[in-house]
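Small disclaimer: the values here were computed from a predicted structure and weren't measured.
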Amino acid sequence: DADGNVYTAITIGTQTWMVENLNTTKYNDGTAIPLLDYDHWGIAQDGAYCNLFDTPANADKYGRLYDWYAVNTSKLAPAGWHVPSHTEWQTLLDFVGGADVAGGKLKEVGFTNWSVPNTGATDEFDFTVLPGLWRVHSAQTLAGSGENQYGRSGHFWTSTSHASLDDFAH
């Protein structure tokens, strides 16, 4: 990416996916993406990123959290990559056996990052999904964000506006 991060890619079915979460602070044209802390997240009117629990060291493991404005620029993903559409996510879910089993087949095994019981986790496709969180795009308390769900679920962007994806990482 524009920060020099290197990502591992795997092929699942007919699709190639990055294994790691995106960890860039710049769009693919080199323009800086503004960093916003939790207190300012809800007032963003342009692309922004933040770090899990506002802790920069978490980016090495979990990547960064981006808002819709950053995703919607079509410049967030590294050159040659793109944020997957709802249809692309659905293709992945279908290939691995459907939304009911995809979470287990795609996520990290064990309890290092996932809460007990981490039911069905096999990481059968070496995708090694880690818990993925979100921040709401309005001013709310921490209890209103995804960060209070750490270890329980995974949430991922789609480039399709207002798409509803099954939360397959339980």
Side-chain angles (χ1 to χ4, degrees), residues 1-25 27-28 33 47 49-53 58-137 145-170:
D1 63 27
D3 283 335
N5 297 304
V6 177
Y7 300 91
T8 304
I10 60 167
T11 298
I12 301 175
T14 61
Q15 300 172 305
T16 301
W17 294 85
M18 279 184 181
V19 174
E20 298 86 6
N21 290 328
L22 193 61
N23 186 21
T24 190
T25 63
Y27 292 113
N28 59 26
I33 305 170
Y49 79 91
C50 66
N51 297 301
L52 179 64
F53 303 119
N58 285 334
D60 290 339
K61 183 174 187 176
Y62 299 105
R64 304 197 192 262
L65 302 174
Y66 302 92
D67 67 7
W68 172 248
Y69 299 113
V71 172
N72 199 35
T73 63
S74 299
K75 298 187 300 181
L76 184 59
W81 292 89
H82 63 273
V83 176
S85 69
H86 176 76
T87 301
E88 289 169 315
W89 277 111
Q90 192 60 55
T91 298
L92 175 65
L93 296 177
D94 292 345
F95 182 83
V96 301
D100 291 341
V101 297
K105 290 183 176 184
L106 296 173
K107 70 179 172 174
E108 177 190 51
V109 176
F111 310 110
T112 301
N113 296 291
W114 288 97
S115 300
V116 173
N118 200 13
T119 304
T122 63
D123 197 18
E124 182 177 326
F125 295 91
D126 296 322
F127 202 39
T128 317
V129 170
L130 296 175
L133 305 178
W134 77 93
R135 282 196 172 167
V136 292
H137 200 72
S145 78
E147 289 178 302
N148 66 334
Q149 298 295 313
Y150 175 76
R152 297 183 192 165
S153 62
H155 303 271
F156 305 92
W157 273 115
T158 169
S159 61
T160 308
S161 178
H162 301 290
S164 175
L165 293 177
D166 290 328
D167 184 8
F168 63 85
H170 281 203

*With the side chain counted from C-beta on, respond yes when Thr24 and Tyr66 share a heavy-atom pair under 4.5 Å apart, and no when they do not.*
yes
_Atom pair CG (Leu92) and OG1 (Thr14), whose distance is rounded to the nearest 0.5 Å_ = 9.5 Å
_I want to check something: taking the side chain as every heavy atom from C-beta on, are Asn72 and Trp157 in contact at a cut-off of under 4.5 Å?_
no
_Heavy-atom pair of closest approach, residues Leu93 and Ala102_ = CD2-CB, 3.4 Å
*Which atom names give the shortest non-hydrogen contact between Val19 and Ala9, and what distance separates them?*
CG2-C, 4.5 Å
_Asp60 vs Asn23 side-chain heavy atoms within contact, under 4.5 Å_ = yes
*Going by heavy atoms in the side chains, are Ile12 and Val96 under 4.5 Å from each other?*
yes
_Nearest 0.5 Å, please: how far is OG1 in Thr128 from CG in Asn113?_
10.5 Å
*asked:* Please give me the minimum heavy-atom distance between Val83 and Thr158, naming the atom from each residue.
replied: CG1-C, 3.9 Å
*Please, which pairs that meet side chain to side chain donor-acceptor pair (under 3.5 Å) have at least one residue in residues 92-104, sequence neighbours excluded?*
Gln90-Asp94
*Any idea which heavy atoms bring Phe127 and Asp123 closest together, and the distance?*
N-OD1, 3.0 Å
_Rounded distance [0.5 Å steps], CZ in Phe125 versus CG in Leu106_ = 7.0 Å
_Which residues pass the side-chain contact (heavy atoms from CB on, under 4.5 Å) test with Pro78, not counting sequence neighbours?_
Asp1, Tyr7, Met18, Leu22, Trp81
*What pair of heavy atoms forms the shortest contact from Ser85 to Ser159, and how long is it?*
CA-OG, 3.4 Å
*Rounded to the nearest 0.5 Å, how far does CZ of Arg64 lie from CG of Leu52?*
11.5 Å
*If you measure from NZ on Lys107 to OG1 on Thr119, what distance do you get to the nearest 0.5 Å?*
6.5 Å
*Polar side-chain atom of Asn58 near backbone of Asn51 as donor-acceptor pair, under 3.5 Å*: no
*What are the two closest heavy atoms between Trp17 and Pro84, and how far apart are they?*
CZ3-CG, 3.6 Å
*Please name all residues satisfying side-chain contact (heavy atoms from CB on, under 4.5 Å) with Glu124, sequence neighbours left out, ordered by chain then number.*
Lys105, Thr122
*So how far is it from Thr160 OG1 to Glu88 CD, rounded to the nearest 0.5 Å?*
8.0 Å
